[in-house]
Amino acid sequence: MRYRQSLHGHGFEFDGLVEVLARATPLRSGDILAGCAARSDTERVAARMLLADLPLTTFLEEQVVPAESDDVTRLILETHDEDAFAQVSGLTVGALREWLLDAAARRDTAALTAVAPGLTPEMVAAVSKIMRNQDLIAVAAATEVVTGFRTTMGLRGRLATRLQPNHPTDDPSAIAASILDGLLLGSGDALIGINPASDNPRTVADLLRLVDEVRLRYEIPTQSCVLTHVTTTIDLIEAGLPVDLPFQSIGGTQGANEGFGVTLAMLAEADEAARSLARGTVGDEVMYFETGQGSALSTGAHLGSGGRPVDQQTLEARAYGVARAFRPFLVNTVVGFIGPEYLYDGKQIIRAGLEDHFCGKVLGVPMGVDVCYTNHAEADSDDMDNLLTLLGVAGCTYVMAVPGADDVMLGYQSTSFHDALYARQVLGKRPAPELEEWLASAGLLDPDGSVRDIDPATTVLKELAR
Amino acid sequence: MSEFWESLRRATPARIGLGRAGNSIPTAEVLAFGAAHAAARDAVHLPLDVHALVEALDGLALGTPRVVASAAPDRTTYLTRPDLGRVPGADLELGRGGAEMAVVVADGLSAEAVAKHAVPLLENLVPLLDSATTVAAPVVATQARVALGDHIGRALGARLVLVLIGERPGLSSSDSLGAYLTWDPRPGVLDSARNCVSNIRPPHGLDHATAARTIAGLVAGARALGATGVTLKDGSFTAPLPGATTTATDRF
């Protein structure tokens with residue numbers, strides 16, 4: 001299908017939906033690298049005008065990535081809920097934007113929850129491309145995606161954190177010291193999640209035991225995850241190790257998932273294996289997924305219909321389509337991790353973070369964001385402060401919490417324990433209710449809801465430092 | 001910092017026990033973080049002092065060093081177009097030297113790493129190579145990624161290429177050097193067909209002598225096997241490689 005649009009006396013022609021979506025995308029380095037970005041600002045706006053007039057049904061008729069060669073497309077089509085779609089099936093992309101903003105203005109969370117299964121990732125990616133940052137924030141803030149394991153995620157007025165105590169050689173006492181620091185600063189209600197430096201199953205098992213012992217000893221209501229390949233986790237579950245949440249990086253095409261060494265069947269197997277352990281107390285969602293714009297391109301698995309490159313934001317939304325099919329406990333877009341060849345600077349990272357959070361939430365996924373940057377990107381702590389604050393306003397489920405924002409294992413900068421305290425303070429947010437109760441019982445919670453600054457040597461947790 | 005955290009801080013490079021200024025980080029720690037980020041950014045953006053490097057390499061008596069540039073004309077393009085950093089900017093006129101191994105010293109993402117570690121590493125490495133492993137005159141490459149070495153190795157007619165390249169700076173490691181070894185260099189080599197020794201960065205990372213021994217072992221293994229990459233790891237060379245990884249990532 002060829003699409004045509006004229007603007008300012010210029011005629012623009014686009015080869016298929018895949019090209020319309022790419023050309024309509026706000027500027028980012030990854031789409032330039034892939035060769036699919038708009039070649040001028042005028043072309044970009046022309047593509048957006050064209051996109052806004054497309055009926056949503058177009059996305060069910062014309063595939064961005066062909067179903068015959070891609071199991072993610074097949075999954076998206078198979079899980080599409082016709083009944084939920086019925087209420088918006090007569091709308092165009094432009095009208096969907098207005099429908100979403102209207103629901104948000106009425107604070108009609110129920111309408112947004114009801115429509116989610118009827119929207120495909122491509123529809124949501126499309127509407128995000130014609131939305132300003134404030135639109136992305138307003139609509140996301142009106143959604144509510146609640147999940148549970150030992151804590152409840154996604155409740156209104158809450159902002160959770162993943163306590164990320166990574167260490168370059170997986171040293172147990174160093175990791176315990178970082179966990180202690182984070183707990184004292186009120187972090188860890190989303191999970192305590194370690195990226196191990198080593199993939200060795202024995203190391204992973206040792207770390208799983210370490211976190212589980214800490215949790216049990218101090219009766220901390222949270223869940224743990226050691227981020228290793230899903231097949232390793234399945235083996236560890238079979239070996240009887242205390243696995244709360246299986247982790248896996250996923251992408252928006254079959255090829256991207258192959259690049260991660262994972263199939264949809266493996267994800268289903270991990271979900272079932274972890275669920276069968278019934279280790280959750282307030283809910284039974286178990287999967288923990290990570291994604292990020294650019295992952296498909298980095299493995300050359302970004303091509304769609306007609307062999308044309310698909311823009312990285314549309315592929316990212318498709319990754320949430322994968323996540324949603326496995327009822328995840330949490331999803332995390334690691335937005336600035338991949339480097340400046342995909343998101344060049346603070347502006348691009350901030351935009352992508354808001355898009356990812358919006359798309360995830362509108363699709364019904366419990367979305368968190370790793371607000372982060374690398375040292376070769378044109379970004380710094382100020383950009384992260386901006387994105388963290390905007391995401392807090394948008395109702396982001398959780399963010400990362402790394403000692404001093406400096407991940408000494410992965411070599412990038414994320415948000416810190418202190419950053420989470422800041423965001424909760426200025427936005428009036430609180431930790432997940434279960435952890436809030438524990439903080440109170442441990443004497444760490446001030447009556448006004450903030451985390452007290454107390455001498456660690458006076459708390460029972462001090463033994464963690466041994 | 002409180003006494004409680006002092007001993008813990010010695011046990012980990014993580015920024016723990018920073019204390020609080022309200023809900024935020026105390027002034028001294030905010031500035032320390034800024035200083036570390038500045039060092040990392042300078043490592044990425046300050047250009048390699050090619051003249052000084054060429055002079056130092058000349059002192060190794062491996063032949064007069066040559067200089068080539070990738071197709072990325074400047075740092076911004078280099079950072080956003082990794083594809084251009086992997087190919088030469090102009091036809092390589094290096095002449096086939098007949099040496100067994102080509103050596104490429106590339107700025108990569110940290111000119112500082114290259115300036116500090118490339119020459120001492122080569123000083124340690126050359127005496128460890130057996131007499132059949134002849135070494136070509138070093139080639140200095142700017143705005144370069146690892147795969148540019150494949151073109152250079154091919155142009156020199158070498159059976160092996162060793163690329164020493166500045167790694168992506170971390171907040172507390174702006175001067176980390178990586179060494180990538182590739183058998184039968186030619187355009188289109190897969191990253192999985194390389195061996196990599198990373199984190200060469202004394203005194204915090206691998207020291208020059210240890211890194212040189214590891215690389216010399218890989219060179220001997222590659223020549224015995226006629227290959228680098230996953231097969232070299234699994235086959236002839238199985239000694240532990242501290243700080244080393246075998247599968248190169250696409251970061252470079």
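Quick note on labels: first sequence line is chain A, next is B, and so on, each numbered from 1.
Within a 6.0 Å sphere centred on NZ of A/Lys429, heavy atoms belonging to other residues, nucleotides or ligands number more than 12. Counted within 6.0 Å of CZ on A/Arg158, heavy atoms from surrounding residues, nucleotides or ligands total more than 12; the atom is thus considered enclosed. Under a cut-off of 6.0 angstrom, the local environment of CG in A/Asp199 is sparse, with at most 12 non-hydrogen atoms contributed by other residues, nucleotides or ligands.
With chain B as the partner, the residue from A/Ser29, A/Gly30, A/Pro168, A/Ala457 showing the most heavy-atom pairs under 4.5 Å is A/Ala457. Chosen from B/Pro13, B/Gly170, B/Ala32, the residue pairing most often with chain A at heavy-atom distances under 4.5 Å is B/Pro13. For the set A/Asn375, A/Val408, A/Leu184, the count of heavy-atom pairs under 4.5 angstrom toward chain B peaks at A/Asn375. Counting heavy-atom pairs closer than 4.5 Å to chain B, the top residue among A/Asp181, A/Asp171, A/Ile175 is A/Asp181. Of the residues considered (A/Val451, A/Asp455, A/Leu180, A/Asp453), A/Asp453 shows the highest number of contacts with chain B, using heavy-atom pairs under 4.5 Å.
To the nearest 0.5 Å, the span separating CG on B/Asn23 from CG on A/Leu185 amounts to 9.0 Å. Here A/Gln413 contributes atom CD and B/His37 contributes atom NE2; the two are 5.5 Å apart, rounded to the nearest 0.5 Å. For the atom pair A/Asp407 CG and B/Arg15 CZ, the distance stands at 11.5 Å (nearest 0.5 Å).
When heavy atoms are compared at a cutoff of 4.5 Å, A/Arg452 approaches chain B solely by way of its backbone atoms N, CA, C and O. Both the backbone and the side chain of B/Ala14 come within contact range of chain A, judged by heavy atoms closer than 4.5 Å. Proximity to chain B (any heavy atom under 4.5 Å) is shown, for A/Pro165, by neither the backbone nor the side chain. Residue contact with chain B, scored on non-hydrogen atoms closer than 4.5 Å, is absent for A/Ile338. At a 4.5 Å heavy-atom cutoff, A/Ser450 makes no contact with chain B through either its backbone or its side chain. Using a 4.5 Å cut-off between heavy atoms, A/Ala377 touches chain B through its backbone atoms (N, CA, C, O) alone. Residue A/Val402: no heavy atom, backbone or side chain, is found under 4.5 Å from chain B.
Heavy-atom neighbours of chain B within the stretch residues 417-424 of chain A, taken at a separation under 4.5 angstrom, comprise A/His418, A/Leu421, A/Tyr422.
B/Leu79 is not listed as a side-chain neighbour of A/Glu341, based on a closest heavy-atom distance of 4.5 Å or more. Contact of the B/Pro82 side chain with the A/Leu33 side chain is registered, since non-hydrogen atoms from C-beta on lie closer than 4.5 Å. Inter-residue side-chain proximity for A/Thr458 and B/Phe4 is flagged as unmet; no heavy-atom pair is nearer than 4.5 Å.
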Apply side chain to side chain contact (heavy atoms under 4.5 Å, CB included) to A/Asp380 and B/Phe33, showing your working.
CA-CA 11 Å; A/Asp380 60 20; B/Phe33 182 98; over 6 Å; no
For a side chain to side chain contact (heavy atoms under 4.5 Å, CB included) check, start with the C-alpha distance between A/Tyr412 and B/Leu171, then their side-chain angles and the critical distance, and finish with the verdict.
CA-CA 7 Å; A/Tyr412 78 120; B/Leu171 207 57; over 6 Å; no
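Between A/His376 and B/Tyr78, a ring centre-to-centre spacing not shorter than 6.0 Å is recorded.
Taking both residues in full, the closest heavy atoms of A/Ser416 and B/Ile25 are given as OG-CD1, 4.2 Å, listed atom of the first, atom of the second, then distance. Heavy atoms only, all atoms of each residue included: B/Ile16 and A/Ala177 are closest at CD1-CB, 3.8 Å. Of all heavy-atom pairs between A/Pro340 and B/Thr80, the closest is O-CG2, 3.8 Å.
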